[in-house]
Amino acid sequence: MLDIKYIRENLETVEARLKTRGEGVSLAPFRELDGRRRELLQQSESLKAMRNKASEEIARLKDKSQAEELKTKMREVSQQIKGIDEELKVVEEELQTFLLTVPNTPNPATPVGKSEADNPVVRTWGDRPSFSFQPKPHWEIGEELGILDFERGAKLTGARFTLYRGLGARLERALINFMLDLHTGEHNYIEMLPPFMVNRESMTGTGQLPKFEEDLFHLEGVDFFLIPTAEVPVTNIHRGEILKGSDLPINYVAYTPCFRKEAGSYGKDTRGLIRQHQFNKVELVKFADPATSYDELEKLLANAEEVLRRLGISYRVVELCTGDIGFSAAKTYDIEVWLPGQECYREISSCSCFEDFQARRAGIRFRPEEKAKPEFVHTLNGSGLAVGRTVVAVLENYQQADGSVLIPEALRPYMGGVERIG
RNA sequence: GGAGAGAUGGCCGAGUAGGUCGAAGGCGCUCGCCUGCUAAGCGAGUAUACUGGGUAAACCGGUAUCAAGGGUUCGAAUCCCUUUCUCUCCGCCA
């Protein structure tokens, strides 16, 4: 959520920056609702001030008849207040609802563009493997090795659900542990294991609600949602809190499954593990001082990249342009791995700085100094990495002519010493 | 699922025959004093949001907040209702 006062004072600037996202965002409703709200607020508050004075007076009065007179008057005032407050409540709800649907303003440094095609490549790393044969896509590799069972996954649940078997399941688990160990042991993150379902407040805090409810799995009987990413529970850990400035930055890493409806992606990536309703992810989350949040973003990105470097898998980093950036983000880098079986780069991580957009929604603040006024923190997060897609990358990049798959060196301790599948 | 208890400021904890309670007291913290150092001691200060004025600062005024929402009342932390959460006992259960 954007700062009301900031919008009020910089309406044109804010609107212009939002326009670079390409959406038809208009702040016209804001001007009217905000003005009306302040008008009603002032009416209500001055009447309340009057009533408070009168109430004190009544308490002090010895003369009963005088008190009666005042009471009668105040009875009327209270009725007036009630009327104004009812209207005020409606206006405030409308204003709030409106503001919650306005996306974040992209950071001025974010490149302006319309779509994915306009995302500049920041760097590429590693050599793409060369093959003496035609490399296969991971779904073929996985099925032939008997480690990925798409048919039975679909039988159990439906499309976009997969059953892992044997060393396939082991590989997924190995990657999760490898990533968690790396980030906790070498990158200074604290491991968290949060609930996999959260309430409406948490979803609103990070920006999934109210706008994107159709992408979420909602439970029947209770108002809970399955998390689409660990970003939601982990960022909300400090919802409504005031943190100590000296504790920042706070770094958390969490493994969770993620559940997404993938509404609107019918027919896209229907084969393989790329787009599932349920997938595993190791997520990095930071709470940072606004002064250093963009340094932290670079670190977070480097921490995520390190996973692929250790695995020896080629990738590139792109910076998302204003037209491609997410609703809550001010700046985002995507890491894309090279998939030889499909001859393309695919997103495997998305690292973003949200500035104070989520912090304002979720009420996450800090005191820069002991006695200082609380300010909103900056929140950041990024995948470190999407586990299913990492399995894809390993299978496709390490496939051999005989159909087997080599296990990257760094992963072998996590595979019980297994060096090769098949 | 059944029965009961509770939810107050950073923390602990008073306050229930409704009024001057944003809220005693303690701890913690900040500043000053004292002290050879530390500890102890003494004094002062120590919530947040919105809003009006003011030079977007300092500052001054108003309103709200004692889990959340509603009700009674001139007036509610205190009374009534609903919801949420926590704890105890029973049942069920990985």
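Just so you know, these numbers come straight off a predicted model, no measurement behind them. So you know, we letter chains A, B, ... as the sequences are listed, proteins then strands, and number each from 1.
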Can you find a side chain N or O atom of Arg367(A) that sits less than 4.0 Å from OP1 or OP2 on U48(B)?
yes
Pairing nucleotide - A56(B), Watson-Crick or G-U, each distance under 3.5 Å
none
Rounded distance (Å) that lies between atom C1' of G10(B) and atom CZ of Arg365(A):
13 Å
Stepwise side chain to side chain contact (heavy atoms under 4.5 Å, CB included) check, Leu99(A) with Ile4(A)
CA-CA 8 Å; Leu99(A) 285 174; Ile4(A) 288 198; 3.6 Å; yes
On a whole-Å scale, what distance lies between the C1' atoms belonging to G25(B) and A14(B)?
7 Å
Rounding to the closest angstrom, what is the interatomic distance between G75(B) and U63(B) at atom C1'?
16 Å
Short side-chain N/O contact to C50(B) OP1/OP2 from Lys48(A), under 4.0 Å
no
Please work out which of the three classes, parallel, tilted or perpendicular, describes the rings of Phe161(A) and His277(A), given edges at 30° and 60°.
tilted
Would you mind pulling out the nucleotide paired to A76(B), Watson-Crick or G-U wobble, both distances under 3.5 Å?
none
G62(B) base / Glu45(A) side chain donor-acceptor hit below 3.5 Å
yes
Residue closer to the 5' end of RNA chain B, Ile242(A) versus Glu86(A) (nearest nucleotide):
Ile242(A)
Applying the Watson-Crick and G-U wobble criteria at under 3.5 Å, what pairs with U46(B)? Answer none if nothing qualifies.
G28(B)
How many whole angstroms separate atom CD of Glu93(A) from atom P of A68(B)?
17 Å
Pairing partner of G4(B) (Watson-Crick or G-U wobble, both distances under 3.5 Å)
C87(B)
Sugar-phosphate only, base, or nothing, as touched by Ala54(A) at under 4.0 Å among non-hydrogen atoms
nothing
Under 4.0 Å from OP1 or OP2 of C74(B): is there any side-chain N or O of Arg75(A) that close?
yes
Quick one: Ile58(A) CD1 to A76(B) C1', roughly how many Å, whole number?
15 Å
Which of these nucleotides, C50(B), C74(B), A47(B), is closest to any side-chain atom of Ser78(A)?
C74(B)
Arg8(A) vs U51(B): side-chain N/O to OP1/OP2 distance below 4.0 Å:
yes
Taking pairing as Watson-Crick or G-U wobble with both contacts under 3.5 Å, can you name the mate of G69(B), or confirm there isn't one?
C81(B)
Using the ring of each side chain (for Trp, its six-membered ring), is His183(A) parallel, tilted or perpendicular to His187(A), with breaks at 30° and 60°?
tilted
Is it the case that the side chain of Thr235(A) and the backbone of Glu231(A) share a donor-acceptor pair, with hydrogens and angles ignored and the cut-off at 3.5 Å?
yes
P gap between G4(B) and C81(B), integer Å
14 Å
Starting at CZ of Arg200(A) and ending at C1' of G69(B), how long is that distance when rounded to a whole Å?
17 Å
G75(B), OP1 or OP2 - any side-chain N/O from Asn52(A) closer than 4.0 Å?
no
When the C1' atoms of C29(B) and G19(B) are compared, how many Å lie between them, rounded to an integer?
34 Å
Does Glu86(A) come within less than 4.0 Å of Lys82(A), counting only side-chain N to carboxylate O?
no
Given atom CZ of Phe376(A) and atom C1' of U48(B), what is their separation to the nearest angstrom?
11 Å
Out of C74(B), A49(B), G71(B), minimum distance to the side chain of Lys82(A) belongs to G71(B)
Polar side-chain atom of Asp356(A) near backbone of Ala359(A) as donor-acceptor pair, under 3.5 Å
no
Taking C85(B) as the reference, what is the distance to A68(B) when you measure between their C1' atoms (whole Å, please)?
10 Å
Is any side-chain nitrogen or oxygen of Arg37(A) closer than 4.0 Å to OP1 or OP2 of U51(B)?
yes
Donor-acceptor pair, distance only, cut-off 3.5 Å: does the side chain of Ser352(A) make one with the backbone of Phe354(A)?
no
Rounded to whole Å, please give me the gap between CD in Glu68(A) and C1' in U73(B).
12 Å
Applying the salt bridge (charged side-chain N to carboxylate O under 4.0 Å, His left out) test to Asp269(A), which of Arg389(A), Arg160(A), Arg275(A) qualifies?
Arg275(A)
Scan every strand shown for a Watson-Crick or G-U wobble partner of C21(B), both distances under 3.5 Å, and answer none if you come up empty.
none
Side chain of Lys5(A) only, please: which of G19(B), G62(B), U51(B) is the nearest?
U51(B)
Do Phe225(A) and Phe217(A) make the cut of ring centroids closer than 6.0 angstrom?
no
Distance check: side-chain N/O of Gln42(A) vs OP1/OP2 of G52(B), anything under 4.0 Å?
yes
Separation of U51(B) P from Arg36(A) CZ (nearest whole Å)
16 Å
Please determine, for C34(B), whether a Watson-Crick or G-U wobble partner exists with both distances under 3.5 Å, and give it or none.
none
Touch check for Lys89(A), heavy atoms < 4.0 angstrom, all strands: base, sugar-phosphate only, or nothing?
sugar-phosphate
Whole-Å P distance, U78(B) and U72(B)
15 Å
For G13(B) versus G18(B), give the span between their C1' atoms, rounded off to a whole number of Å.
23 Å
Kindly point out which of C74(B), A47(B), U51(B) is positioned nearest to the side chain of Ser55(A)?
C74(B)
Lys244(A) atom NZ is separated from C29(B) atom P, nearest whole Å, by 10 Å
Nearest nucleotide by nearest heavy atom, which residue falls closer to the 5' end of RNA chain B, Leu70(A) or Ile4(A)?
Ile4(A)
Which base sits across from C92(B) as a Watson-Crick or G-U pair, both distances under 3.5 Å?
none
Distance check, C1' atoms only: C66(B) and A47(B), in whole angstrom units.
12 Å
Taking only the side-chain nitrogens and oxygens of Arg51(A), find out if one of them lies under 4.0 Å from OP1 or OP2 of G75(B).
yes
